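Beneath this line is the structure, given in structure tokens, with notes to follow.
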Amino acid sequence: MLRTSETVAPSVLELLSWVQEDKVEFVNVQFTDIMGVLKGVTIPASELDGALREGLWFDGSSIEGFRAITESDMFLVPDRKTYRVIPWEQDELKTARLVGDVFVPSGESFLGDPRAILRRQMERLNKLGYGYNTGPELEFFLFRREGETIAPLPQDRAGYFDISTDLAATLRTEIVVALGELGVNVEQAHHERAIGQHEIDFRYADALTTADNAIAVKYAIRAVAQRHGLHATFMPKPVEGVNGSGMHTHQSLYDLESGDNAFVDPSDEYGLSQLARHFIAGQLLHARGMAAVLAPIGNSYRRLVPGYEAPVYVSWGRTNRSALIRVPAVRPNKVQATRVELRCPDSACNPYLAFAVMLAAGIDGIERELPVPSPVEENLYHFSDDDLQRRGVATLPAALGEAIAEFEANDVIRCALGEHAVARLIEVQRQDWDVLRQHVGNWERGRYLEIF
């Protein structure tokens, strides 16, 4: 039951009364580590009052990318407006969920808390008079389970927008219902292009709410899939030779005073204001520096290859799905829906960090009034290297190691996350990259073993 808007938090006493009315016995307070992996602590409902007033202490040195063992004490403070009863845990031991903010013993916000990092960038934009809305398209695969083993076969044989009567269709419906009870308004759910691949799109909202919702969507998808004996994965490229899973993200800015979409200019050829064009220019300029945050694991770069509708080229256009940034068409009577779509984030990214760097890049374009390059409407996958050079079209990093180097060299993106988060994120990613580049797999043995 939703009793409050997403922007107004209930008082402590009001929230405690809701917990009692809902007959909640346990409360799970959740947050993410630097890589976006969901973490949490469960407490009896009787302990919630103390948690709301004093926080929940935990060992930050045991969380990926947080703090060293010599400075490990941290505490979680639940965000009261995120209270929801978990729909699949309502039988005997009813459990509720709250998203928490991370603090250090001094009472200050932890600099490496992904949620706080995004909030800081949003506050920076607010000082310019604007708010930031996002709407991601979360793609994922469903695989079969055989005991404790995840079978490498997709659960179904359907394709894009196919209507099917298999388990996956039922599962998508159950996910939509569960998300509604978690306060996430799903706009559509459908089968994607690859067999076993699906997509959930939920309602556009301010970036912090959207990031919270993205974490809730992943949580719900995994839980519902598991109840049906399936495994849901957000790995960007789990199957060779088919489309990978992206998290295409629609974005716009709105005027804080009027609430109007600040990206709208009906007199412009693309319907975009100068503000929107500067925003696009900033994201294009910093695309290579953002890549390590938006596509954060070694496997991400298996997806970012020509074809499969994955963006590789740093360009923008209207109908061009091979471009990095697309301007979706809007109906004449729906100009307030004007937005730009960034297509390189994947479903493995931490949405808090992803939205933070996307916003920082856009702000840089606005503050410096960067000119946007000419749009490219041709299919970039058909361009030769000479064509790309002639049109001034750069490419995204081809591997995680290259992305890390670009990330390290980009001051705007580093400042958006802060040096603590940057250092910890790069540390984790270097470990991933070192293992990946040293690994010798079956494909290499099959190709080279007898030749050389």
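The structure displayed is predicted, hence computed values, not measured ones.
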- Can you tell if the side chain of P296 reaches within under 4.5 Å of the side chain of M35, non-hydrogen atoms only? yes
- Task: Locate the shortest heavy-atom distance separating V422 from L417; write the atom from each residue and the value.
- Result: CG2-CB, 3.9 Å
- Message: Could you check whether Q188 and D201, counting side-chain N and O atoms only, form a donor-acceptor pair closer than 3.5 Å?
- Response: yes
- Is a donor on one side and an acceptor on the other found under 3.5 Å between the side chain of T210 and the backbone of T134? yes
- Item | Point-to-point distance, once rounded to the nearest 0.5 Å, from CE of M247 to CD of E137 | 10.5 Å
- Write down the atom of S347, the atom of G246, and the distance for their closest heavy-atom approach. OG-O, 2.9 Å
- State the CG-CE distance between L118 and M358, to the nearest 0.5 angstrom. 10.0 Å
- Task: Kindly give the heavy-atom pair with the smallest separation between A323 and G317, and that separation in Å.
- Result: CB-N, 4.1 Å
- Apply side chain to side chain contact (heavy atoms under 4.5 Å, CB included) to A361 and list each qualifying residue two or more places apart in sequence or on a separate chain. Q283, H286, M290, I413
- Please step through side chain to side chain contact (heavy atoms under 4.5 Å, CB included) for the pair D268 and R277, ending with a clear verdict. CA-CA 11 Å; D268 179 75; R277 288 175 171 268; 3.1 Å; yes
- Write down the atom of L138, the atom of V217, and the distance for their closest heavy-atom approach. CD1-CG1, 3.7 Å
- Message: Can you confirm whether I215 sits close enough to Y352 that some side-chain heavy atom of one is under 4.5 Å from a side-chain heavy atom of the other?
- Response: yes
- Task: Could you pull out all residues at least two apart from R124 that satisfy side-chain hydrogen bond (donor to acceptor under 3.5 Å, both in side chains)?
- Result: Q121, E367
- By side chain to side chain contact (heavy atoms under 4.5 Å, CB included), V440 pairs with (sequence neighbours left out) E444, R445
- Query: Is there side-chain contact between L342 and L294, with heavy atoms separated by less than 4.5 Å?
  - Reply: yes
- Message: I need the minimum non-hydrogen distance between G131 and L125, along with the two atoms involved.
- Response: C-CD2, 3.6 Å
- Might you work through the side chain to side chain contact (heavy atoms under 4.5 Å, CB included) test for V242 and I195, ending with a clear yes or no? CA-CA 8 Å; V242 300; I195 57 173; 5.5 Å; no
- Message: Suppose the criterion is ring pair (Phe, Tyr, Trp, His ring centres under 6.0 Å): which pairs have a residue in residues 230-252, not counting sequence neighbours?
- Response: F140-F234
- Considering residues, nucleotides and ligands other than Q20, do more than 12 of their heavy atoms fall under 6.0 Å from its CD? no
- Task: For the pair S315 (side chain) and V376 (backbone), establish whether a donor and an acceptor sit closer than 3.5 Å, ignoring hydrogens and angles.
- Result: no
- Task: Can you measure from CZ (F263) to CG (L272) and round to the nearest 0.5 angstrom?
- Result: 8.0 Å
- Kindly indicate whether the side chain of S273, heavy atoms from C-beta on, has any atom under 4.5 Å from the side chain of V264. no
- Message: Tell me whether E139 contacts the main-chain N or O of E192 through its side chain, where contact means a donor paired with an acceptor under 3.5 Å.
- Response: no
- Message: Going by the rule side-chain hydrogen bond (donor to acceptor under 3.5 Å, both in side chains), which residues pair with S252 if we only count those two or more places apart in sequence or in a different chain?
- Response: Y204
- Task: Search all heavy atoms of L98 against all heavy atoms of P78 and return the closest pair with its distance.
- Result: CD1-CB, 3.8 Å
- R120: side-chain hydrogen bond (donor to acceptor under 3.5 Å, both in side chains) partners, not counting sequence neighbours: none
- Note on the structure: Which of N133, I366, V340, N261 passes side chain to side chain contact (heavy atoms under 4.5 Å, CB included) with L253? It is I366
- Item | Evaluation steps, side chain to side chain contact (heavy atoms under 4.5 Å, CB included), between V12 and R80 | CA-CA 8 Å; V12 171; R80 298 191 301 277; 4.0 Å; yes
- Non-neighbouring partners of E25 that pass side chain to side chain contact (heavy atoms under 4.5 Å, CB included), sequence neighbours left out: L93
- Query: With no hydrogens and no angle check, is any side-chain donor or acceptor of D113 less than 3.5 Å from a backbone partner on V102?
  - Reply: yes
- Query: Could you state the interatomic distance from CD1 (I325) to CZ (F279), rounded to the nearest 0.5 Å?
  - Reply: 8.0 Å
- For residues 211-226, the salt bridge (Lys or Arg N to Asp or Glu O under 4.0 Å) pairs (sequence neighbours left out) are R115-D212
- Quick one: sort the W316 and Y270 rings into parallel, tilted or perpendicular, breaks at 30° and 60°. tilted
- Query: With a cut-off of 6.0 Å (strictly less than), are more than 12 heavy atoms of other residues, nucleotides or ligands near CD of Q336?
  - Reply: yes
- Quick one: does T395's side chain have a donor or acceptor within less than 3.5 Å of a partner on V312's backbone? no
- Item | Residue list, side chain to side chain contact (heavy atoms under 4.5 Å, CB included) with T95, at least two apart or on another chain | F26, N28, I86, E89
- Ignoring hydrogens and angles, state whether a donor on the side chain of D346 or S300 is under 3.5 Å from an acceptor on the partner side chain. yes
- Out of curiosity, L52 CG to D79 CG, how far, rounded to the nearest 0.5 Å? 10.5 Å
- Message: Restricting to side-chain hydrogen bond (donor to acceptor under 3.5 Å, both in side chains), what partner residues turn up for N126, sequence neighbours left out?
- Response: none
- Message: Please list all pairs meeting salt bridge (Lys or Arg N to Asp or Glu O under 4.0 Å) that have one or both residues in residues 298-308, counting only residues at least two apart or in different chains.
- Response: none
- Query: Do the side chain of K94 and the main chain of V85 share a donor and acceptor less than 3.5 angstrom apart?
  - Reply: no
- Task: Check the surroundings of atom CZ in R437: do more than 12 heavy atoms from other residues, nucleotides or ligands lie under 6.0 Å from it?
- Result: yes
- Query: Does some side-chain heavy atom of I297 sit less than 4.5 Å from a side-chain heavy atom of L400?
  - Reply: no
- Measure centre to centre between the rings of F58 and F31, then say whether the value is under 6.0 Å. yes
- Verify, without hydrogens or angle tests, whether Y301 (side chain) and A295 (backbone) share a donor-acceptor contact under 3.5 angstrom. yes
- Message: Walk me through whether V357 and L353 qualify under side chain to side chain contact (heavy atoms under 4.5 Å, CB included).
- Response: CA-CA 6 Å; V357 298; L353 301 186; 5.7 Å; no
- Message: Can you confirm whether N350 sits close enough to I34 that some side-chain heavy atom of one is under 4.5 Å from a side-chain heavy atom of the other?
- Response: no
- Item | H278 side-chain N/O to G362 backbone N/O, donor-acceptor pair under 3.5 Å | no
- When rounded to the nearest 0.5 angstrom, what distance separates CG in L324 from CD in E341? 10.0 Å
- Item | Proximity of W88 and Y219 rings by center, below 6.0 Å | yes
- Using ring pair (Phe, Tyr, Trp, His ring centres under 6.0 Å) as the criterion, list what pairs up with F103, not counting sequence neighbours. F75
